[in-house]
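Below is one structure; the comments refer to it alone.
Remember, predicted model here, so these are calculated numbers, not experimental data. Convention: sequence-line order gives letters A, B, ...; per-chain numbering from 1.
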Number of protein chains: 2
Amino acid sequence: MHDRRHSAEPDIESLMGQFHAYLSKKQLKSTRQRDLIAQKFFAAHGHISIEELLNLSRAENPRIGYATVYRTLKLLAECGLAAQRRFGDGQTMYETAGDTEHHDHLICIECQHVLEFQNDDIEHEQERVARSFGFSLVRHRLELYGLCPRARGIKGGWCPNEEQRKLSD
Amino acid sequence: MHDRRHSAEPDIESLMGQFHAYLSKKQLKSTRQRDLIAQKFFAAHGHISIEELLNLSRAENPRIGYATVYRTLKLLAECGLAAQRRFGDGQTMYETAGDTEHHDHLICIECQHVLEFQNDDIEHEQERVARSFGFSLVRHRLELYGLCPRARGIKGGWCPNEEQRKLSD
DNA sequence: CTTTATGCAAATATTTTGCAGGCGC
DNA sequence: GCGCCTGCAAAATATTTGCATAAAG
């Protein structure tokens, strides 16, 4: 298991590649709008709402409409690169999924930042569980929510928030 | 519509108690409709949509309206007994929360249905991972996406979709 | 060229709200 | 009784769809 911090850019290239592969497999077209929306979506990496995505996209191409964002997100969901999610009363959010290197997330509920990790024992066990129900496992999502050392009040405790700031500057 | 059964009656009494406690703390009233909806909701235990809940409730009291279901679910969410959730492209679902038992989800990407499971090895490993980063673990979410036997094309394969129909009395 | 996408607006679906009686307390 | 609740319908949101035109392969 190893700790992998996010640097500014996640693996957008690879995700765009998967998206394009899906489009051509389905004989669908790759367009300026789809690419723009997908890029913005992948770049947001964590969570993003339809509206935020529309606004980000419009910043570069003001003529983009709601329908295109919905339609693109639907495609991304079909190929497992996006997943719809709803928290509390808020709006519908989408998040990235199906990353090739399936790292899981460790999230501090205090400072909101996200670390990634991989753990083979857990992965194996997931396989076993799926098989025990007769399922074949396609992908998974694992998120651990907790408090980072700083948030727990440990003096001089390490905090992913600051750690990331250091890394990205 | 069909409802989902769970072997042992979950702790509905206790959940209703928590709900009533919340109502009186907030000086809100306990009504026939609220109780009915909450009971149906708790009895469903796993996942239920607004519409299913409305139908179950109307089976006993046909005059119940959408608005009351929405309002009751909002109350349940406020006191932490329900949580909104959305899987795949499907409808908005609600699930019980704040229950002692925690369930992870196994979801068929073909038929969209959701099974719950628990696996102690995974839970332990999650603890270990969090600790190794200096985090204290508060909660987690684990979702496995895959194909059920039927969806995989296994002849006579078992499908959670149908299984549930069978189970419902 | 042929086929699929886009953007707009209109159609649907979903959720919330206002209000005139009803019902808990 | 007083004040919160309910059911209904209308309003506000959110999402999907139809269609003429534009762009991709």
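Between the NZ atom of A/Lys74 and the P atom of D/dT15 there is a distance of 12 Å, rounded to whole Å. At whole-Å resolution of the value, CG in B/Asp35 and P in D/dC4 are 19 Å apart. Atom pair B/Gln27:CD and C/dG24:C1' shows a separation of 14 Å (rounding to whole Å applied). Whole-Å rounding puts the B/Leu75 CG to D/dT6 P distance at 9 Å. Separating the CZ atom of B/Arg34 from the P atom of C/dG22 is a distance of 19 Å, rounded to the nearest angstrom. Across the protein-nucleic acid pair, B/Leu73 atom CG and C/dT14 atom C1' stand 14 Å apart, rounded to whole Å. Rounding to whole angstrom units, CG of residue A/Leu54 and P of C/dT6 are separated by 13 Å. If you measure from atom NZ of A/Lys26 to atom P of C/dT3, you get 19 Å, rounded to the nearest angstrom.
Rounding to the nearest 0.5 Å places CD of B/Glu123 at 6.5 Å from CD of B/Gln118.
Between C/dT15 and B/Tyr70, a contact under 4.0 Å exists linking OP1 or OP2 to a side-chain N or O.
B/Glu125 places a side-chain heavy atom less than 4.5 Å from the side chain of B/Arg128. B/Tyr66 is listed as a side-chain neighbour of B/Glu51, based on a closest heavy-atom distance under 4.5 Å. With contacts defined as side-chain heavy-atom distances shorter than 4.5 Å, the pair B/Thr72/B/Gln33 does not qualify.
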Handout entry: Check against side chain to side chain contact (heavy atoms under 4.5 Å, CB included), B/Leu53 and B/Tyr94
Key = CA-CA 10 Å; B/Leu53 190 49; B/Tyr94 284 79; over 6 Å; no
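Between B/Lys26 and B/Glu78 no salt bridge is recorded (no basic side-chain N to carboxylate O distance below 4.0 Å).
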Exercise for the section: Assign a letter to each nucleotide of nucleotides 19-25 of chain D from its 5' end: B, base within under 4.0 Å of a protein heavy atom; S, sugar-phosphate only; -, no contact. Expected result: -----BS
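The stretch residues 58-68 of chain A touches DNA chain D through A/Ala67, each having a heavy atom under 4.0 angstrom from the strand.
Ring orientation note: the planes of A/Phe42 and A/Phe19 are nearly perpendicular, at an angle over 60° on the 30°/60° scale.
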